[in-house]
Student: 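One structure is given below, represented as structure tokens, and several questions about it will come after.
Keep in mind that what you see is a predicted model, and the values were worked out from it rather than measured.
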Amino acid sequence: MMTQVETTVHYDNGYEDEYMIQEEEWDRDMLLDPAWEQQQRKTFTAWCNSHLRKAGVQIENIEEDFRNGLKLMLLLEVISGERLPKPDRGKMRFHKIANVNKALDFITSKGVKLVSIGAEEIVDGNVKMTLGMIWTIILRFAIQDISVEETSAKEGLLLWCQRKTAPYRNVNVQNFHHENCNFYFNFIADDPLGNLNLAFDIAEKHLDIPKMLDAEDIINTPKPDERAIMTYVSCFYHAFAGAEQAETAANRICKVLGVNQENEKLMEEYERLASELLEWIRRTTPWLENRTPEKTMAEMQRKLEDFRDYRRQHKPPKVQEKCQLEINFNTLQTKLRISNRPAFMPSEGKMVSDIASAWQGLEQAEKGYEEWLLTEIRRLERVDHLAEKFRQKATNHENWASGKELFLSQKDYETATLTEIRALLRKHEAFESDLAAHQDRVEQIAAIAQELNELDYHDVAAVNQRCQSICDLWDKLGTLTQKRREALERTEKLLETIDQLFLEFAKRSAPFNNWMEGAMEDLQDMFIVHTIEEVQSLIAAHEQFKATLPEADSERQAILGIHNEVQKISQSYGIKASFINSYSTITTEELLNKWEKVKKLVPQRDSALQEEMARQHANERLRRQFAAQANLIGPWIQTRMEEIGRCSLEIGGTLEDQMTQLKQIEHVIVAYKPNIDKLEGDHQLIQESLVFDNKHTNYTMEHIRVGWELLLTTIARTINEIETQILTRDAKGISQQQMNEFRSSFNHFDRKKNGAMETDDFRACLISMGYDLGEVEFARIMMLVDSNATGIVSFQSFIDFMTRETADTDTAEQVVASFRILAADKPYILVEELRRELPPEQAEYCIMRMPPYAGHGAPPGALDYTAFSTALYGESDL
């Protein structure tokens, strides 16, 4: 008979000797039940081997293999993950006792008080003491930490068993040594032995739990050993608990990866939209910057129509795309902040500021292009008018100069009589008078040609050639005139007869004829006016001209009277003089014809001026119609802008109330769009009528367009800001009262009331809220709220700062810890482990992006989950 040795175990953590009740049954009559001893040997040996195999070691005989203390120390190192003192390698008894004492000291250091278990009994192979020591280790490292609903370890393990077997019929777990001790495996009541063997095989194959007992040990024993059963069941608890932990870790990783995948899709969509918008701007800007003028008015009108199509059809969708792109960017940045991800940095040249800069360049080119078009149309209008005027004057002068060179070159005076010489001399004097009268016309032709050159007339070469021909001929006529006068004066002494009447006729008829030609030119002259006042000025000048007609008619009658006087003298004195005036090329018939033409042109001029007056009145009506609408629309847009500003700054209601109010304003704005379209139509009519100014309003169509586009952009941006605040409030758990307090503080220190605090205002706000700010701390805070160093703090940045420290978000450390669980505490993870623990999509996502593990001792294909996790949160350059 073996004497019972007291093996009491004391714990300092509150589980005070709860197992001593079993000690009485286990060692009743100071004896260890042989069946229980055999069951404990099997179970404890299998349990020890399940841990020692990790170090490549096994035991066969539990009381023999632990006698030297080496495997006992190795077992404690494996199950605790800690290093024990270096063992003694000697084979003497005191070496073995020293090693066992090191193991017992380690157990004691974990809060376990060993009573009556000495190193000598273990070294001597005392079965009872060895099994008691192993049970102490199992309690401390496998069972003690089991707790369900704040129960003790044993009660927690029993409660876990009851919950796991509750769905099965014929199972009622009460304790660990009752006749239904095969509770966990007895799911077919009529075959308990088969059930147990099947359960043990499945546990060994799929859960990596070695077979610690034979089914017969449980079935054939009326009261199986409770310690053996608890040891075996604890292995099942840890196996299933590890699986649940892995599942939790996998769910966390899936959540993190899902957020990251969604953010990447948003980033790719932003890159695509930004690239398309920038490409459109890149293609459009050169077209707007092209200032190559066309040669004709029709071609320039086509350019203007193309520009109108661009403003009405092509640009408005791009304005919406630009606004939506800014909204998407702000939403993405908010999601990244909420999920504790680094801020999104678009590709080089695709920042929102880059797009705004490119858009500003487009707007500038657009404005300059429209101004150039209108200026060029005015220029072409002026050029066409001058070109027609040049052709008329040049034609009239060429008609007048035709034959003059031949006339001045003839030598008819050599055979002429005195009378004829006198006539030739007087005729030449008249021609000189006529020549002097045409000097002004030649100068006008040259001045028009010079202006056409300055205005870059497309056919200026032909104009210059014709003008040069006229000037050359004019110089030649001057030279010939001088030579002919000298010749006539040399022969004048020989010729004395002069006909005073014809001379007087020639002298008076030439200026009168020139006046009539000038009058006909003026009456047929084209005019361009843009206002009623200019037409009235032309009508007044025309009325002044008509007032001179009676005086001109008197001069005409006097000139005709000279001719009649010649006829009368000739008839009275029977003189058979020729009725051809040798002193002048102007005849009375010519004077009569021109006078009749002048009288006919006067009413035609009256009619043309009245038609122009009617056209200018029509243009004035267009101006007043446009001004009436523009003077209503301009203030309406300003009022809506003020409403939006007041709505975004008010703190009385909730963010949802602000959103509702902004949506109502947006609906009103959208419904107002037909008024803008109607104004565009009136503006087009004005431009088609070539009306370039409007004194009835200070608003231009460009002002209205800019104001309308700014209104659309402002309402969209303000709605997005409120949506972002709602998203931030909900994600950060901010109450509506807190949001109102934030808004109240922000509005109080927003001195300029422009929706942003300057640096000094923000510092004062923080001090008023109790922040003790030094220069370094304030600089750090400014880096958070104003990362671009703009010198202002927006309301959204202010809210982000106030709620930053209270956010409950995932961190890189949490994701690393989750991956470490899936990798079974290895510093790396394998492809098959990812595919086993994660859904296919997330597993392949990790495999594609996770870098190879560079540490020592890793198998081929091992992946570095630590670098991958830190890269997700922007903490590395992966």
Side-chain angles (χ1 to χ4, degrees), residues 262-285 314-339 341-366 637 640-641 644-645 647-649 655 658-659 662-663 665-667 669-670 673 705-729 731 754-756 785-800:
E262 180 182 356
N263 290 340
E264 287 184 358
K265 290 179 182 178
L266 290 176
M267 294 175 189
E268 292 171 358
E269 180 66 10
Y270 175 88
E271 291 284 339
R272 182 184 66 80
L273 292 177
S275 298
E276 292 176 356
L277 182 59
L278 288 171
E279 176 62 20
W280 179 81
I281 295 174
R282 185 191 64 79
R283 294 195 312 269
T284 306
T285 302
H314 302 297
K315 184 184 177 184
K318 297 302 178 182
V319 173
Q320 295 296 326
E321 289 179 13
K322 174 178 175 291
C323 182
Q324 188 61 43
L325 191 66
E326 294 175 353
I327 292 173
N328 291 348
F329 181 84
N330 293 334
T331 301
L332 174 59
Q333 297 293 42
T334 300
K335 289 184 176 181
L336 290 173
R337 268 197 314 274
I338 292 173
S339 60
R341 300 303 199 277
F344 170 56
M345 289 297 294
S347 302
E348 184 177 357
K350 297 180 183 177
M351 294 287 292
V352 172
S353 58
D354 296 327
I355 295 173
S357 176
W359 189 266
Q360 184 178 4
L362 177 74
E363 294 272 347
Q364 191 65 31
E366 176 183 317
I637 291 175
R640 299 293 82 75
M641 290 291 290
I644 294 171
C647 181
S648 65
L649 293 176
L655 291 178
Q658 288 182 267
M659 178 62 70
L662 287 172
K663 288 293 185 180
I665 295 174
E666 184 183 40
H667 178 73
I669 292 172
V670 173
K673 181 65 164 59
R705 289 192 193 108
V706 171
W708 179 253
E709 292 173 1
L710 179 60
L711 179 62
L712 294 177
T713 303
T714 301
I715 186 64
R717 184 180 295 112
T718 305
I719 289 175
N720 177 249
E721 288 176 356
I722 298 302
E723 290 173 343
T724 302
Q725 293 174 21
I726 292 174
L727 184 62
T728 302
R729 180 198 66 191
N754 58 358
V785 300
D786 184 20
S787 58
N788 294 327
T790 61
I792 60 174
V793 179
S794 67
F795 182 61
Q796 183 61 42
S797 299
F798 179 74
I799 291 178
D800 289 343

Student: Please step through side chain to side chain contact (heavy atoms under 4.5 Å, CB included) for the pair M659 and K663, ending with a clear verdict.
Tutor: CA-CA 6 Å; M659 178 62 70; K663 288 293 185 180; 3.9 Å; yes
Student: Quick one: does any side-chain atom of T713 pair with a main-chain N or O of E709 as donor and acceptor, under 3.5 Å?
Tutor: yes
Student: Strictly by modelled atom types, are R337 and T334 linked by a side-chain donor-acceptor pair under 3.5 Å?
Tutor: yes
Student: Do the side chains of N720 and T331 get nearer than 4.5 Å, heavy atoms only?
Tutor: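 Answer yes - side chains close enough.
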Student: Given L711 and I644, is the side chain to side chain contact (heavy atoms under 4.5 Å, CB included) satisfied, shown in steps?
Tutor: CA-CA 9 Å; L711 179 62; I644 294 171; 3.8 Å; yes
Student: Search all heavy atoms of I792 against all heavy atoms of D786 and return the closest pair with its distance.
Tutor: O-CG, 3.6 Å
Student: Is any side-chain heavy atom of E721 closer than 4.5 Å to one of T724?
Tutor: no
Student: Going from CG on L727 to NZ on K335, what distance comes out if it is rounded to the nearest 0.5 angstrom?
Tutor: 7.5 Å
Student: Applying salt bridge (charged side-chain N to carboxylate O under 4.0 Å, His left out), run through E268 and K265 and close with a yes or a no.
Tutor: CA-CA 5 Å; E268 292 171 358; K265 290 179 182 178; over 6 Å; no
Student: Roughly how far, to the nearest 0.5 Å, is the CG atom of L662 from the CD1 atom of I669?
Tutor: 9.0 Å
Student: Over all heavy atoms of both residues, which pair between K350 and Y270 is shortest? Give the atoms and the distance, please.
Tutor: O-OH, 2.8 Å
Student: Look at E326 together with K322 and state whether they make a salt bridge at an N to O cut-off of under 4.0 Å.
Tutor: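 Yes, this pair counts.
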Student: Can you tell me how far apart OG1 (T284) and NE2 (H314) are? Round to the nearest 0.5 Å.
Tutor: 9.0 Å
Student: Can you list the residues that meet the side-chain hydrogen bond (donor to acceptor under 3.5 Å, both in side chains) rule with W708, with sequence neighbours excluded?
Tutor: none
Student: Say you draw a straight line from CG of N328 to CG of L325; how long is it, rounded to the nearest 0.5 Å?
Tutor: 6.5 Å
Student: Counting only heavy atoms not in E276, do more than 12 fall under 6.0 Å of its CD?
Tutor: yes
Student: What are the two closest heavy atoms between G349 and L278, and how far apart are they?
Tutor: O-CD1, 3.3 Å
Student: Could you tell me whether the side chain of Q658 reaches within less than 4.5 Å of the side chain of I726, counting heavy atoms only?
Tutor: no
Student: Relative to each other, are the rings of F329 and F344 parallel, tilted or perpendicular (30° and 60° limits)?
Tutor: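 If you compare the ring of F329 with that of F344, the planes turn out tilted.
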Student: Nearest 0.5 Å, please: how far is CD in Q333 from CD1 in I338?
Tutor: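 The CD atom of Q333 is 11.5 Å from CD1 of I338, to the nearest 0.5 Å.
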Student: Is there side-chain contact between E321 and L273, with at least one heavy-atom pair below 4.5 Å?
Tutor: no
Student: Minimum heavy-atom separation for A274 to I355, with atom names?
Tutor: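 In terms of heavy atoms, the two residues are closest at CB-CD1, 3.8 Å.
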Student: Yes or no on side chain to side chain contact (heavy atoms under 4.5 Å, CB included) for L712 and Q320, after CA distance, side-chain angles and deciding distance?
Tutor: CA-CA 9 Å; L712 294 177; Q320 295 296 326; 4.1 Å; yes
Student: Return yes when atom CD of Q360 has more than 12 non-hydrogen atoms of other residues, nucleotides or ligands closer than 6.0 Å, and no otherwise.
Tutor: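 Atom CD in Q360 is not packed in, count stays at 12 or less.
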Student: Looking only at heavy atoms, which two atoms of E271 and P346 are closest? And how far apart?
Tutor: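 Nearest heavy atoms, E271 then P346: OE2-CA, 3.3 Å.
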